[in-house]
J.: 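Take this structure, written in structure tokens, and hold onto it; I'll ask about it next.
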Amino acid sequence: MTQPSRRLSMRRKPFALTGAVLLAAAAVLAGHTGAASADTGADALADRLAAEVTGDGAWPHLAALANLTSTFGGHRVSGSPGYEATAQYFTAALTAAGYQVTRQQFSFPDYDIRAETGSVTAPQARPLHPVIARFSRSTPDGGLNAAVSLPTGKDTGCTVDDYANSDVRGKVVLVRVGDCFITQKQLVAAEVGAAAMLMNGDSPDPTLNLRYRMVPPADARIPTATLPRGEAEQLQADAAGPVQVTLDLRGNEILTNTYNLIADTPTGRADNMIVMGAHLDSVDTGPGVNDNGTSAVMTLETALRMAPYRDQVRNKVRFAWWAAEEKGLAGAQFYIDQLTPEQRKNTALYLNAEMIGSDNFARQVYNGKTANGPAPAGSDQISTLINGYFAGQNLPTVGLVLDGRSDHAPFITAGIPAGGVNGGSDTLKSAEWVRLFGGIEGQMLDRCYHQGCDNLANINRTSFDQFGRAMAWSAGRFAVTTEDVNGVR
């Protein structure tokens with residue numbers, strides 16, 4: 001693990017840009033020209049960017065990202081060839097637009113998955129498709145063969161009382177997601193003597209399977225994995241009688257080296273900096289074109305479209321593409337850890353975008369609140385301004401708490417105002433949201449969340465365009481003035 005220093009350390013590293021990546025970036029950039037406007041009003045740059053940053057304009061970037069992801073391994077896990085290829089593409093595009101791009105190198109605790117297979121061996125053989133939790137304990141070499149047992153209390157298995165009348169010692173317990181974190185579930189299961197734990201993902205999609213992680217890793221006690229709802233429900237039905245399973249779940253902790261990409265506008269005051277970011281990495285189970293390729297390329301498009309208007313930028317804008325968000329927000333957290341107290345003070349606000357092309361989207365705007373109360377002062381003003389932009393376009397919005405599921409979390413913890421937009425992931429769409437935004441009631445906002453189908457065909461181009469324009473407008477507005485947020489003209 002890299003020990004944090006007290007200064008922002010961003011080492012420039014020569015980029016070995018491949019010819020294919022350079023050609024792809026050059027082809028997209030051919031249409032990026034523009035002349036700066038002389039209008040310097042507070043909203044002039046914001047309005048211009050909202051007009052120029054479009055879904056159609058950013059789509060070639062998204063197509064390039066999807067192609068590079070597919071070509072280089074099918075995902076963009078931090079430290080992987082897919083991450084490197086897309087980072088090179090972004091670097092080439094930004095450099096051609098006049099930005100100096102830096103790589104903020106760091107290392108983070110990671111988990112190397114060596115095996116995740118399973119099967120029912122009795123009474124009737126069939127395969128299972130477990131997804132091991134990151135930092136889970138491993139089964140023995142050769143796997144684990146054991147009977148399946150269910151809680152006799154609540155099926156979520158969050159307390160010892162849920163197993164009061166269950167015979168679970170030496171067995172594999174099957175529980176359902178909900179009520180408590182997966183780490184607590186397996187701690188309880190270990191306490192009552194279970195040999196391993198399987199968890200029903202309980203999604204409307206019976207085939208969906210998500211990878212969870214142990215937080216903290218030191219609390220891992222027994223092998224733990226999730227099953228898609230369809231398999232879990234069939235296994236639960238079988239468990240009414242004797243049923244045996246074999247599980248091979250193995251992984252080990254490693255240290256992964258990766259980097260954030262950072263590019264600053266050459267103009268604007270550095271003591272009132274705006275940071276606009278999105279994570280560039282994906283999960284290992286899919287290409288992540290929506291999660292979070294859509295936001296990453298819109299942040300890129302905003303940077304490229306802002307470049308000709310650098311003379312209108314009064315507050316320096318730092319565009320950031322975070323690594324290892326899917327590994328516990330490691331990239332954004334490392335960035336924050338490197339800031340001195342003075343640099344934190346000089347960061348006016350953070351704008352975050354997450355999954356802005358969700359196919360069954362809700363137009364969510366972070367609402368200036370955390371799960372425990374108000375976010376840092378100024379966060380609610382960011383929310384008000386973004387909501388105001390959407391209202392001006394006659395587009396309804398709903399609020400979303402600033403939770404710990406995206407890169408704004410380290411900024412909030414550091415006392416920096418934050419806001420932004422989110423098209424949605426595994427939340428189920430309500431009837432009210434169908435009335436507001438269309439779509440399908442009872443389905444996840446992104447039906448390909450963390451799955452192999454998160455590709456270009458999964459993108460809602462309407463939400464991609466609308467969210468992108470809103471974030472570009474916000475970046476332009478705050479590049480001129482943050483008076484609404486922190487009183488600085």
J.: Mark yes or no for whether Ser78, through its side chain, and Ala324, through its backbone, hold a donor-acceptor pair below 3.5 Å.
T.: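 Yes, because the side chain of Ser78 sits within donor-acceptor range (under 3.5 Å) of the backbone of Ala324.
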J.: The criterion is salt bridge (Lys or Arg N to Asp or Glu O under 4.0 Å); which residues satisfy it with Arg211, sequence neighbours excluded?
T.: Glu116, Asp284
J.: Using a distance-only test with no angle check, is there a side-chain donor-acceptor pair under 3.5 angstrom linking Thr397 and Arg363?
T.: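 Not at all, the side chains of Thr397 and Arg363 share no donor-acceptor pair under 3.5 Å.
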J.: Given Asp264, which partner from the list Lys316, Arg269, Arg318, Arg310 fulfils the salt bridge (charged side-chain N to carboxylate O under 4.0 Å, His left out) test?
T.: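 So the option named by the test is Arg318.
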J.: Look only at the side chain of Glu231 and the backbone of His129, and say whether a donor-acceptor pair between them is shorter than 3.5 Å.
T.: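 Indeed, once roles are kept as given, a pair shorter than 3.5 Å links the two residues.
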J.: Does a donor on one side chain sit under 3.5 Å from an acceptor on the other, for Tyr259 and Glu84?
T.: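 Short answer, yes.
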J.: Report the C-alpha distance between Asn257 and Ser107 in whole Å, list the side-chain angles of each, state the deciding distance to 0.1 Å, and finish with yes or no for side chain to side chain donor-acceptor pair (under 3.5 Å).
T.: CA-CA 4 Å; Asn257 299 316; Ser107 301; 2.4 Å; yes
J.: Ignoring hydrogens and angles, state whether a donor on the side chain of Asp446 or Ser425 is under 3.5 Å from an acceptor on the partner side chain.
T.: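 No, Ser425 and Asp446 have no side-chain donor paired with an acceptor closer than 3.5 Å.
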J.: Do Ser383 and Asp380 have a side chain donor and acceptor closer than 3.5 Å?
T.: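 Distance-only check fails for Ser383 and Asp380.
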J.: Would you say the side chains of His450 and Asp291 form a donor-acceptor pair under 3.5 Å?
T.: yes
J.: Ring-plane angle category for Phe106 and Phe108, please: parallel below 30°, perpendicular beyond 60°, tilted otherwise.
T.: tilted
J.: Side chains of Tyr350 and Asn352: is there a donor and an acceptor less than 3.5 Å apart?
T.: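 Checked: Tyr350/Asn352 side chains pair up, N/O donor to acceptor below 3.5 Å.
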J.: We want to know whether Trp321 and Asn260 form a side-chain donor-acceptor pair, criterion being a heavy-atom distance below 3.5 angstrom.
T.: no
J.: Is the backbone of Leu349 close enough, under 3.5 Å, to the side chain of Thr347 for a donor and an acceptor to pair up by distance?
T.: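 Side chain of Thr347 to backbone of Leu349: no pair is present.
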J.: Do the side-chain N and O atoms of Tyr366 and Glu354 include a donor-acceptor pair separated by under 3.5 angstrom?
T.: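 Absent: no donor and acceptor within the cut-off.
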J.: Answer yes or no: is there a donor N or O on one side and an acceptor on the other, between the side chain of Asp426 and the main chain of Tyr449, under 3.5 Å?
T.: no
J.: Would you please say whether a donor-acceptor pair under 3.5 Å links the side chains of Tyr89 and His61?
T.: yes
J.: Answer yes if the side chains of Asn346 and Asp271 hold a donor-acceptor pair under 3.5 Å, and no otherwise.
T.: no
J.: Cation-pi between Lys327 and Tyr111: NZ/CZ under 6.0 Å from ring centre and within 45° of the ring axis?
T.: no
J.: Check the side chains of Ser358 and Asn290 for a donor-acceptor pair under 3.5 angstrom, ignoring hydrogens and angles.
T.: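 Yes, because at least one side-chain N or O of Asn290 sits under 3.5 Å from a partner of the opposite role on Ser358.
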J.: Under a 3.5 Å threshold, yes or no: a donor from one side chain and an acceptor from the other, between Asn272 and Thr482?
T.: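 Note: Asn272 and Thr482 side chains meet the donor-acceptor criterion.
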J.: Is there a donor-acceptor pair closer than 3.5 Å between any side-chain N or O of Ser203 and the backbone N or O of Asp205?
T.: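 Answer holds: yes.
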J.: Going by salt bridge (Lys or Arg N to Asp or Glu O under 4.0 Å), name the residues that satisfy it together with Arg477, two or more places apart in sequence or in a different chain.
T.: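 Applying salt bridge (Lys or Arg N to Asp or Glu O under 4.0 Å) to Arg477 gives Asp43, Asp484.
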J.: Please confirm whether the backbone N or O of Ile254 pairs with a side-chain atom of Asp110, one donor and one acceptor, at under 3.5 Å?
T.: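 Such a contact is absent between Asp110 side chain and Ile254 backbone.
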